Amino acid sequence: MPSQLEQRIAQFTEWRTKLVAAIDDFRSWQDTYGHADIEQTLRIYDMVEGLRNDRIRLAFMGESAEDKIGIINALLFSDMPNGLLPVGAGSEFLCATEIFHDPGESPYVRVLPIDTRKNQESIANLRRSPIEWITMRLNPDSPESIAEATQSLMESRAVSIDEARSLTLHNVERSGDAVMIPAWRYALINIPHPMLKSGLIALYTPGAQMLASEPEVAMRIGSSAQSLLMVLGKDLATTSHDVWKQYAQNSQAHKFVVLDSSAGADATTESNVAQKLELPSENVLALPIAKAVASRLAHEESSALMDGFSRLEKMHGEKLVPERQALLMSAVVKEIGPLVQSARQAVAGRFIATVKEMQDLTSTSGKNQTVAQDMLTRLENERKLYQKSVTQFNVIYSDLNARGQELLATLHDDRIEEILSYDREFIQGAWTTAGLWKNMQGLFSYFATQVQKILNYAENLHHTVDGIYQSFHENYGLAKLTPPPINLEKHLDAMHTHEENARSFCHDPVNIATYKDFLVKKFYDGLVEEARQQFELTRLDTEHWLRGALGPLNGQIMERQNLMLKRVESLRNMKDNMMSVQERIKQLDSQRQSLKKQGEQLDLLRNNLALNTPQPPAKPAAAKPPLATG
């Protein structure tokens with residue numbers, strides 16, 4: 001029987017599938033009636049692909065590898081013999097692991113060797129370089145095949161201290177003159193499990209020491225996960241608290257904590273931890289982790305030990321799924337809504353023009369050719385006036401495109417690199433710890449300032465576009481449409497979050513005691529690399545908006561022009577042949593009925609797409625770290 005969480009994720013997936021189908025229906029409507037342009041088609045395609053590929057990410061943090069692995073196996077993979085991830089001797093060497101389903105590839109376990117740390121390349125860059133990875137294919141129908149492939153994730157090796165230093169690994173397990181290190185740096189598991197096929201991604205993170213060596217992993221998980229679950233022992237240890245403050249505290253994810261009651265955690269501990277981490281009390285729970293995991297994997301449904309996992313499932317299902325659903329629906333309303341509105345206005349315009357022409361032709365029936373000629377002259381004058389609007393639109397479009405290119409120039413790769421390299425010389429050359437921290441925090445303040453400038457420029461462009469729509473509405477009688485939203489504020493919010501993370505980074509006792517060269521590399525590999533991703537996402541969203549900013553307006557203008565040309569052509573054909581009037585009226589009546597049907601189809605599509613927006617549950621704001629002093 002599917003678990004509570006699996007049922008909620010499956011319902012979410014079914015809802016998302018229906019939403020995609022409704023968008024596909026609109027795309028088919030456009031193809032059938034010829035109302036799509038290239039930019040609109042691309043925007044709809046991007047939206048559909050985004051919905052199909054959307055995933056809910058659950059991240060698991062904490063010190064005890066066995067407890068984290070146990071909870072992942074019990075919560076997500078209890079239908080598999082002993083779960084998915086291996087547990088036992090060597091668990092502590094399990095690297096950061098991403099578990100998902102990609103139907104485009106055969107199932108596999110793919111690992112990145114630890115030696116790639118010598119290349120000083122980020123994991124994000126290495127993911128685009130398949131040659132660096134080792135891939136082990138697995139048979140998803142064979143528990144033995146899965147176990148064999150996943151068991152390799154716990155491999156370790158003994159290296160000299162100098163070798164560990166060359167890999168910039170510190171504080172690893174030492175045995176005499178050698179140290180034990182993980183064999184792998186990062187792992188990807190692609191398997192067609194029902195939970196993963198429904199749209200879930202599980203992210204396992206190693207302990208604090210390895211996270212400190214791979215800050216990029218922790219930062220990316222904190223910024224991309226919808227759920228962060230920290231697994232603790234008896235209480236909140238100092239190390240775990242430091243990890244929380246640095247990587248989880250400023251995340252926008254829902255946050256949960258599981259304490260081990262077998263180690264002595266109780267209701268008082270739950271309350272204290274919730275207070276220290278500024279979490280709702282219901283988001284912190286204690287349970288005998290090892291016993292509860294064993295009971296869950298043994299499918300002892302009646303066991304009281306199952307209550308803890310039932311609570312976890314219920315909280316995830318009630319908080320994550322509705323919120324994600326509402327966010328996706330909001331994006332669809334903002335992106336597809338104006339296109340449907342524009343199409344509906346175009347159909348309405350054609351319907352009104354058709355009825356008007358029928359009325360004009362009916363009034364000419366049996367009358368002399370002079371009346372038809374007067375109608376033709378009036379339409380010709382109207383068309384010439386409208387042609388001026390087309391000319392004006394082309395001038396405005398050229399000006400907007402030029403200003404848009406100026407905006408994109410501030411987000412070009414070279415410019416981003418220039419922004420990221422700002423003050424690097426001072427950071428690397430800082431003589432004092434205070435100077436180093438000041439320059440690091442100053443760098444992220446500079447990043448936030450640059451994003452704010454970009455946002456201000458973009459907002460000015462958006463106001464300009466708003467004015468263009470209003471002008472054409474007032475001067476040329478077009479329907480008042482809402483231009484596509486630009487929505488860059490999320491990137492400024494994200495950069496402010498990174499700024500807070502930088503402040504926490506600079507006040508972390510572990511970092512204060514870290515060798516400077518390693519610390520600077522850790523800063524750039526983690527925090528600065530996240531900032532790079534944010535700038536690139538800002539550029540992509542800006543390009544996307546610029547391509548479609550005037551699309552709905554352009555569609556209306558072209559539709560109005562085409563309607564006028566058809567009416568002029570019709571009157572020219574009939575002015576010397578009044579016998580064809582009745583035939584033309586019949587054609588127009590058939591066209592009127594077709595347009596009425598098109599409008600009804602769009603009204604139904606609009607209801608299916610945009611009117612039932614679910615409301616997300618209230619979520620407490622992310623806690624803010626104390627401001628830096630001095």
Side-chain angles (χ1 to χ4, degrees), residues 120-125 168 211-224 242 245-252 409-457 488-539 542 622 624-630:
Q120 297 190 351
E121 277 195 81
S122 67
I123 293 174
N125 287 335
T168 59
L211 274 185
S213 300
E214 294 285 6
E216 173 197 357
V217 171
M219 294 296 179
R220 184 153 296 145
I221 285 174
S223 63
S224 67
D242 290 341
K245 287 189 291 185
Q246 186 164 342
Y247 302 122
Q249 183 166 275
N250 295 319
S251 170
Q252 296 302 306
T410 65
L411 291 163
H412 191 272
D413 283 342
D414 292 342
R415 176 56 182 153
I416 291 176
E417 194 59 45
E418 181 183 332
I419 292 172
L420 297 176
S421 299
Y422 180 82
D423 262 3
R424 184 162 190 161
E425 179 181 346
F426 295 100
I427 289 174
Q428 291 177 327
W431 284 45
T432 65
T433 301
L436 181 64
W437 297 150
K438 180 181 178 181
N439 288 332
M440 284 181 170
Q441 292 179 68
L443 180 62
F444 271 84
S445 296
Y446 176 72
F447 289 169
T449 300
Q450 296 307 303
V451 175
Q452 183 66 67
K453 288 180 179 178
I454 292 166
L455 180 61
N456 291 342
Y457 195 113
L488 295 184
E489 292 85 356
K490 60 185 178 182
H491 300 300
L492 181 61
D493 293 341
M495 196 60 79
H496 282 312
T497 297
H498 294 325
E499 188 177 7
E500 296 291 351
N501 287 337
R503 185 174 291 131
S504 298
F505 180 92
C506 294
H507 288 78
D508 185 347
V510 174
N511 289 334
I512 292 174
T514 300
Y515 178 61
K516 177 191 164 187
D517 287 350
F518 176 69
L519 180 66
V520 171
K521 182 180 184 302
K522 178 180 175 182
F523 175 73
Y524 276 93
D525 284 353
L527 289 164
V528 177
E529 188 60 32
E530 280 294 303
R532 180 194 302 278
Q533 298 291 326
Q534 208 61 57
F535 278 116
E536 291 175 352
L537 289 172
T538 304
R539 179 178 63 201
T542 303
K624 299 289 185 182
L627 294 175
T629 56

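Just so it is clear, the structure is predicted and the values come from calculations on it, not from any experiment.
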Between [atom1] of [X] and [atom2] of [Y], what distance do you get to the nearest 0.5 Å?
| X | Y | atom1 | atom2 | value |
| --- | --- | --- | --- | --- |
| Q534 | F447 | CD | CZ | 12.0 Å |
| Q249 | D242 | CD | CG | 11.0 Å |
| Y457 | T542 | OH | OG1 | 11.5 Å |

Does some side-chain heavy atom of [Y] sit less than 4.5 Å from a side-chain heavy atom of [X]?
| X | Y | value |
| --- | --- | --- |
| L443 | Y524 | yes |
| E499 | Q441 | no |
| Y446 | I419 | yes |
| D413 | R539 | yes |
| M440 | I427 | yes |
| E529 | L420 | no |

Open item on the list: For K453, give me all partners under side-chain hydrogen bond (donor to acceptor under 3.5 Å, both in side chains), at least two apart in sequence or on another chain.
Closed with: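 K453: no side-chain hydrogen bond (donor to acceptor under 3.5 Å, both in side chains) contacts found.
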Task: side-chain contact (heavy atoms from CB on, under 4.5 Å) partner of N250, chosen from E500, H496, K245 - done: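 Answer after filtering E500, H496, K245: E500.
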I need the minimum non-hydrogen distance between [X] and [Y], along with the two atoms involved.
| X | Y | answer |
| --- | --- | --- |
| E489 | L455 | N-CD1, 4.0 Å |
| L527 | H498 | CD2-O, 4.3 Å |
| L488 | T538 | CD2-O, 4.1 Å |
| Q533 | A124 | NE2-CB, 4.2 Å |

TODO: Return the orientation label for the F523 and F444 ring planes: parallel under 30°, perpendicular over 60°, tilted otherwise.
DONE: perpendicular
